[in-house]
Visitor: 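The structure is given below, and queries will be raised subsequently.
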2 protein chains.
Amino acid sequence: MSNPTPKQILFEQLARIAAALGSAARLDLLEILAQGERSVDQLASLTGHSVANTSQHLQKLRQAGLTLGRKEGQYVFYRLAGDEVLRMLAALRQTGETHVAEIDRLVHDYFSSRDQMEPVAAADLLDRARKGLVTVLDVRPAEEFEAGHVPGAVNIPIEQLGKRLGELPKRKEVVAYCRGPYCLMSYEAVELLRRKGHKARRLENGLPEWRLAGLPVELG
Amino acid sequence: MSNPTPKQILFEQLARIAAALGSAARLDLLEILAQGERSVDQLASLTGHSVANTSQHLQKLRQAGLTLGRKEGQYVFYRLAGDEVLRMLAALRQTGETHVAEIDRLVHDYFSSRDQMEPVAAADLLDRARKGLVTVLDVRPAEEFEAGHVPGAVNIPIEQLGKRLGELPKRKEVVAYCRGPYCLMSYEAVELLRRKGHKARRLENGLPEWRLAGLPVELG
DNA sequence: TTAATATTCAATTAATCACTTGAATGATAG
DNA sequence: CTATCATTCAAGTGATTAATTGAATATTAA
């Protein structure tokens, strides 16, 4: 008797979406997928989980409508379903930073406070980069850079930065960015650059947020 | 060995928030709490669950930072932690409607298509209500009306609407609203009003979305 | 104090989840 | 065709979850 009402069914469906976000492993996958599409194999090695486990997480994300899969040869490439997913993740971060003391503390201790100098806002950066006043540095892996980056940015993946410092002009300020607000790579980059005598700051967010803000993205 | 990185801890925390949203019962509670604060008792009877079960859901929401509790006498009143929560719920709905075929279908079949005439946009309503061109009808329970409503709105809870039709001027168009986009009460109201010869339409959203849009809210 | 009421806690059950392991599918290369 | 590789499926384990029931706590009313 008493069938579920349409509203109950709807809430059940929405709950499935939220539940798919309710796992640190899947949030990790989504952060990577926000940079561009990736095969199951790549995702497994980037997150450090087994391929089978990664595949199952990806299926849960796909069933929730958060990702899409594309089969090419023997590879399956997953990507985010759309910008709504990025917006939902941003809303989730915002809620956490505002209402969960533990998150606020973590963000302050490990992120905000490491970046002594004020991070650069996206709109400011574009302007100054076009005038040639700063070097924009993308420290993500090459695949992610190729899938889209800040126009004019230089790509030096974080683990190569130490050896390739010579490629950066010493006089100009460097603005580094990576995957997003909770990605540590740009923090590490700024610390390394400052130790070596560069003037360096972080972009306040990563490329997905840049793109979502409607700012121009360069490919390849 | 290998301690979790700050990012992992952060994602774990964010996942806890998302997991708290990952239950239809809790989404139901949040929709009610979006209208204003409520005691455990009231929430239990409004959702049709046991008090103990409701209390446990509320604690999960509170631990995730989504709700706050206030003790007054022997009652504990819960409320939403802030507008970020509403924004996250809006992002969740948006994601679902865009990327989950089942949700899109349900919304079309049970919601959009029942409302033949185009729903009224919030900004339009405020203008026309001030000019006295429409009667704004709030069909939510009295407590929710008192906690905040569209300025000048008349409150007739949906279950009393049949008997109290006389209170509405027959010539003016009626615009009805309730808790939110997935709340059926305003649909029922519009159907009833039209059967009785009124010109009636729905407001596109409920009061929480109205308030979130920065539109004025009247109390008491 | 005693009784009544609102809420939370504790214990239980059935269901679901994350992860592992090993096998099954499906596409490509030799 | 056979071997190889990427991915998915299926089964199993330990942990977590939603809901129920009954007891415990805390506030108010008599």
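All heavy atoms count here, side chains included; hydrogens, waters and symmetry mates do not. Order of the sequence lines fixes the chain letters, A, B, ..., with proteins taken first and strands second; residue numbering starts at 1 for each chain.
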Visitor: I want to check one thing: is the phosphate of dT7(D), taken as OP1 and OP2, less than 4.0 Å away from some side-chain N or O of S55(A)?
Guide: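 Negative; the distance criterion is not met.
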Visitor: R62(A) CZ to dT7(D) P: how many Å, rounded?
Guide: 13 Å
Visitor: Can a salt bridge be assigned to the pair R201(B) and E118(B) using a cut-off of 4.0 Å between side-chain N and carboxylate O?
Guide: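 No, no charged N to carboxylate O under 4.0 Å.
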Visitor: Check this one for me: any side-chain N or O of Y75(A) less than 4.0 Å away from OP1 or OP2 of dT8(D)?
Guide: no
Visitor: Just the rounded figure in Å: distance from P of dT7(C) to CZ of R38(B).
Guide: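 Answer to the nearest Å: 12 Å.
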Visitor: For a quick test of reading the model: is some side-chain N or O of N53(A) closer than 4.0 Å to OP1 or OP2 of dA18(C)?
Guide: no
Visitor: Is it true that E72(B) and R70(B) make a salt bridge, defined as a side-chain N closer than 4.0 Å to a carboxylate O?
Guide: yes
Visitor: Send over the distance from R16(A) CZ to dT17(D) P, rounded to a whole Å.
Guide: 19 Å
Visitor: Measure CG/L29(A) against C1'/dC19(C) and give the value in whole Å, please.
Guide: 14 Å
Visitor: Could you tell me if R16(A) and Q63(A) have a donor-acceptor pair between their side chains, going purely by distance under 3.5 Å?
Guide: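 Checked: Q63(A)/R16(A) side chains show no N/O donor-acceptor pair below 3.5 Å.
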Visitor: In terms of side-chain heavy atoms of S23(A), which of dA18(C), dT7(C), dT7(D) is nearest?
Guide: dA18(C)
Visitor: Does dT7(D) have OP1 or OP2 sitting under 4.0 Å from an N or O in the side chain of Q59(A)?
Guide: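 Looking at the OP1 and OP2 atoms of dT7(D), neither is under 4.0 Å from any side-chain N or O of Q59(A).
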Visitor: Just how far, in rounded Å, is P of dT8(C) from CD of Q63(B)?
Guide: 11 Å
Visitor: To check you understand the geometry: which heavy-atom pair defines the closest contact between G36(B) and A147(B), and what is its length?
Guide: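 Result for this residue pair: CA-CB, 4.3 Å.
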Visitor: Regarding Y177(B) and D138(B), do their side chains bring together a donor and an acceptor under 3.5 Å, going by distance alone?
Guide: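 Y177(B) vs D138(B): donor-acceptor pair found between side chains.
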Visitor: Give the nucleotide from the list dT20(C), dT7(D), dT7(C) with an atom nearest to the side chain of V40(A).
Guide: dT7(D)
Visitor: Which part of the nucleic acid, if any, lies within reach of Y78(B) when heavy atoms closer than 4.0 Å are counted: base, sugar-phosphate only, or nothing?
Guide: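 It contacts sugar-phosphate atoms only.
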Visitor: Tell me whether the guanidinium CZ or amine NZ of R202(A) lies under 6.0 angstrom from the six-membered ring centre of Y187(A) and within 45° of its axis.
Guide: yes
Visitor: Distance alone, cut at 3.5 Å: any donor-acceptor contact between the side chains of R140(B) and Q35(B)?
Guide: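 Yes, a side-chain donor-acceptor pair sits under 3.5 Å.
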Visitor: Please state how far atom CZ in R26(A) lies from atom P in dT16(C), giving the value in whole angstrom units.
Guide: 15 Å
Visitor: Tell me the interatomic distance from L21(A), atom CG, to dC17(C), atom P, rounded to whole angstroms.
Guide: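 Between P of dC17(C) and CG of L21(A): 14 Å.
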Visitor: Across nucleotides 22-28 of chain C, 5' to 3', mark each nucleotide with B, S or - according to how protein heavy atoms within less than 4.0 Å reach it.
Guide: ----BSS
Visitor: Check the distance between dT8(D)'s P and K60(A)'s NZ and give it to me in whole angstrom.
Guide: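 Result: 15 Å.
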Visitor: Does H57(A) place a side-chain N or O at less than 4.0 Å from the phosphate oxygens OP1/OP2 of dC17(C)?
Guide: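 Checking dC17(C) against H57(A), no side-chain N or O comes under 4.0 Å of OP1 or OP2.
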Visitor: Side chain of Q56(A): nearest nucleotide among dT20(D), dC19(C), dT8(C)?
Guide: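 Selected nucleotide (nearest to the side chain): dC19(C).
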